[in-house]
Colleague: 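Next up is a structure, given as structure tokens.
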Amino acid sequence: HSDVQLVSADSVTGLEDDDMEALDDTSGAKSLPPVMASGKALLQELDAQAATPPQPDVEADDEAQAPEGYITRAEYAQVAGGSYELLVAACDLAHVRCAKLLGVRTRDVSFSKMRIEEIVQLSRQVEEFIAVTEKITGRQCHSNLRASLMSQCKKVVERFHEAHRSQLSLLLEGEQWRQADVPVELQSLIAQLETVENMKHAGIRPPSPVSASRSQGSSGKSKSYLLVRGEQFAVAGAPLFMLKMVSEYCQCVIDMPLLASDILNRLLDLLRLFNKRTGSLVLGAEARRSTGLKTITAKHLALASRCLDAVLSYLPLARAHFHHRLPVRQRILLTEFDPVFQDYRTHRSEILNKLVSMMEDTISRQLQKWEAKAPIPSTSFQAINKQMCKLHEALAPVLSPDQLELVFNNVQLAFRTHFLDHVRRLAINPGGPQHGIVSAELGFLAEHLNSLEGLPDLGETLMEIWHHP
């Protein structure tokens with residue numbers, strides 16, 4: 001026979017209703033972990049007792065009268081069943097009490113004071129507590145504890161997002177659109193995310209991108225260019241912070257995997273905000289008002305375009321990161337990245353077209369004043385050459401080689417159109433008396449364009465305008 005100690009299920013939480021209401025505001029949600037720890041310990045004690053109920057000490061039939069101090073098999077089955085029922089009741093009550101405590105805290109400001117790191121820690125403790133109770137009872141828990149916590153975590157994610165939106169807006173409003181040095185920490189973070197996603201693609205279990213980055217440290221000097229997937233990008237300060245924010249959303253989904261879809265939607269919202277505000281500030285020239293810039297130059301436009309390129313290059317890594325953390329049924333949400341990609345590409349094309357149109361305006365204005373007569377080079381062609389060299393000087397350190405070539409090829413096409421229109425108005429024909437003057441003017445411009453780095457064939461192509469109109 002055995003002594004059996006009965007434990008009240010109410011004692012699992014150690015908190016009565018009045019006690020819960022009396023918790024002061026400073027205890028807040030931080031009071032929940034010790035309650036769960038106490039409850040877990042008591043539940044595990046109950047589990048240990050239930051696992052070793054008093055054994056029948058005699059071989060007696062169920063209907064037989066057991067000797068004094070002994071139990072029959074029927075009594076044994078009743079005690080074992082009662083132990084399990086007590087265990088289930090204790091677990092259910094523990095969940096109810098903890099959920100109620102969590103509900104009390106949601107009516108004050110304690111959750112709003114918690115940092116996201118503290119919320120993550122609390123979430124892990126709640127999940128651990130739920131896992132313990134499910135292991136003890138052998139059944140899935142359907143209490144409101146997890147739902148209550150998720151409701152609060154959603155509010156935390158919303159605050160996290162609103163804080164990032166506000167910070168990004170402020171940074172963009174004050175951006176001078178000058179090339180900024182890239183902090184070692186950010187470059188390391190991006191490199192680690194690339195490594196993590198490559199390891200996942202190869203079927204290797206990687207570490208967390210942020211923890212891996214921290215383990216590498218932050219020693220070294222800042223770089224002039226950001227390196228993403230093997231390509232260098234000149235970027236401004238605010239877009240650098242934007243990329244850091246994207247990495248923080250990637251870490252947030254690691255910390256709160258059950259809210260992956262919510263976090264993804266807010267990341268997409270942040271990306272749209274960055275694209276929209278960048279367009280308004282640079283293409284829309286609002287930066288002249290917000291930062292006092294006298295004018296939006298070609299270099300400002302080129303840098304904004306390259307910032308969009310950097311985000312476009314980084315986003316596939318973020319998308320792959322979310323792909324691994326979304327439930328299969330929710331991965332359809334990843335298609336929401338597609339219109340974001342398209343918006344960024346369209347915006348980039350508009351910026352590059354603006355660079356061409358700026359140069360086209362200069363060409364048109366100068367050719368309106370040009371006449372086929374001495375001196376050679378004329379002031380108009382000298383002005384066109386000077387502006388093309390200045391444009392190259394502004395764009396070459398910022399744009400990729402392909403983009404630089406694209407812009408100047410389009411500039412050349414614009415020059416061809418305006419030049420041929422003008423010589424027709426002047427009734428100048430190849431082989432005519434002014435043929436030599438026109439050839440000399442084009443030769444002067446072609447010679448200087450040939451000297452521009454990265455555009456070796458631009459001058460030769462320019463000469464074909466006249467000889468093969």
Side-chain angles (χ1 to χ4, degrees), residues 116-117 119-120 123-124 127 146 149-150 153-154 156-158 160-161 164-165 168 185-216 226-231 233 235 239-276 307-348:
I116 191 166
E117 295 83 1
I119 294 294
V120 169
S123 299
R124 290 171 178 168
E127 289 300 325
R146 182 183 280 121
L149 179 65
M150 287 299 101
C153 286
K154 285 183 179 182
V156 171
V157 169
E158 184 61 32
F160 168 85
H161 177 57
H164 281 68
R165 276 183 61 95
L168 180 60
E185 296 88 348
L186 177 59
Q187 183 62 77
S188 177
L189 193 60
I190 291 175
Q192 285 301 322
L193 185 58
E194 289 187 43
T195 302
V196 165
E197 297 310 321
N198 289 337
M199 290 173 69
K200 286 179 181 175
H201 185 71
I204 304 171
R205 182 178 178 84
S208 161
V210 172
S211 62
S213 176
R214 288 171 182 164
S215 67
Q216 292 225 345
L226 179 71
L227 187 66
V228 183
R229 299 169 67 194
E231 186 175 358
F233 298 90
V235 287
L240 278 176
F241 277 98
M242 165 66 185
L243 292 172
K244 182 175 182 294
M245 290 177 182
V246 174
S247 70
E248 290 171 355
Y249 280 72
C250 289
Q251 181 61 37
C252 189
V253 77
I254 293 175
D255 295 332
M256 299 182 179
L258 294 178
L259 296 178
S261 60
D262 295 80
I263 297 168
L264 173 60
N265 287 331
R266 283 158 178 79
L267 172 59
L268 292 168
D269 179 67
L270 190 77
L271 293 169
R272 295 185 189 101
L273 172 66
F274 174 76
N275 188 47
K276 181 178 179 180
C307 290
L308 296 174
D309 281 333
V311 177
L312 277 171
S313 184
Y314 186 50
L315 283 187
L317 298 174
R319 179 174 181 163
H321 182 82
F322 275 84
H323 174 83
H324 293 296
R325 286 162 180 83
L326 281 169
V328 174
R329 67 181 183 277
Q330 291 184 345
R331 288 178 181 171
I332 188 65
L333 296 174
L334 294 172
T335 58
E336 293 298 318
F337 272 103
D338 296 336
V340 173
F341 286 141
Q342 187 56 47
D343 288 344
Y344 273 66
R345 294 188 187 102
T346 300
H347 186 182
R348 179 186 58 190

Colleague: Quick one: salt bridge (Lys or Arg N to Asp or Glu O under 4.0 Å) partners of R165, sequence neighbours excluded?
Modeller: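 Once residues adjacent in sequence are excluded, the partners of R165 under the salt bridge (Lys or Arg N to Asp or Glu O under 4.0 Å) criterion are D269.
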
Colleague: Checking side-chain contact (heavy atoms from CB on, under 4.5 Å) for the pair H321/L264: CA distance, chi angles, key distance, verdict?
Modeller: CA-CA 10 Å; H321 182 82; L264 173 60; over 6 Å; no

Colleague: When rounded to the nearest 0.5 angstrom, what distance separates CE in M256 from CG in D262?
Modeller: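 With rounding to 0.5 Å, CE (M256) is 10.5 Å from CG (D262).
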
Colleague: Report the distance from atom NE2 of H347 to atom CG of L312, rounding to the nearest 0.5 Å.
Modeller: 11.0 Å

Colleague: If you define the side chain from C-beta out and look only at heavy atoms, does anything of P316 sit under 4.5 Å from F337?
Modeller: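 SC-SC contact between P316 and F337 ruled out.
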
Colleague: Do you know the tightest heavy-atom contact between Y249 and H161?
Modeller: OH-ND1, 2.7 Å

Colleague: Enter the distance from L308:CG to R348:CZ here, rounded to the nearest 0.5 Å.
Modeller: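 Here the interatomic distance stands at 8.0 Å.
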
Colleague: For A260 and F322, work out which heavy atoms get closest and say how close.
Modeller: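 Taking every non-hydrogen atom into account, O-CE2, 3.9 Å.
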
Colleague: Quick one: closest heavy-atom pair of L326 and S261, and the distance?
Modeller: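 Scanning both residues completely, I find the closest heavy atoms to be CD2-N, 3.7 Å.
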
Colleague: Is R331 close to V328 at the side-chain level, that is, under 4.5 Å between some pair of heavy atoms?
Modeller: yes

Colleague: Could you check whether K154 pairs with E158 (Lys NZ or Arg NE/NH1/NH2 to Asp/Glu carboxylate O, under 4.0 Å)?
Modeller: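 Looking at E158 together with K154, the answer is no, because their closest N to O distance does not fall below 4.0 Å.
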
Colleague: Between atom CG of L317 and atom OG of S247, what is the distance when rounded to the nearest 0.5 Å?
Modeller: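 Reported to 0.5 Å precision, the distance equals 11.5 Å.
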
Colleague: Does the pair D343/R272 count as a salt bridge with the N-to-O cut at 4.0 Å?
Modeller: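 Answer for the salt bridge query: no.
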
Colleague: Show your working on side-chain hydrogen bond (donor to acceptor under 3.5 Å, both in side chains) between Q342 and T346 and close with a plain yes or no.
Modeller: CA-CA 6 Å; Q342 187 56 47; T346 300; 3.3 Å; yes

Colleague: Starting from the C-alpha separation in whole Å, work towards a yes-or-no answer on side-chain contact (heavy atoms from CB on, under 4.5 Å) for L226 and L243.
Modeller: CA-CA 11 Å; L226 179 71; L243 292 172; 3.3 Å; yes

Colleague: Is there a side-chain contact between Q251 and I263 in this structure, where contact means two heavy atoms from C-beta onward sitting under 4.5 Å apart?
Modeller: no

Colleague: Measure the spacing between CG of L189 and CD of E248 and express it to the nearest 0.5 Å.
Modeller: 8.5 Å

Colleague: What are the two closest heavy atoms between F274 and L168, and how far apart are they?
Modeller: CB-CD2, 4.0 Å

Colleague: How long is the gap from CZ on R325 to SG on C250, to the nearest 0.5 Å?
Modeller: 8.0 Å

Colleague: Step by step, work out the side-chain contact (heavy atoms from CB on, under 4.5 Å) result for L227 and I190.
Modeller: CA-CA 8 Å; L227 187 66; I190 291 175; over 6 Å; no

Colleague: What heavy-atom pair brings M245 and L270 nearest, and what distance separates the two atoms?
Modeller: CB-CD2, 4.0 Å

Colleague: Does L271 form a side-chain contact (heavy atoms from CB on, under 4.5 Å) with Y344? I'd like the steps, not just the answer.
Modeller: CA-CA 9 Å; L271 293 169; Y344 273 66; 3.9 Å; yes

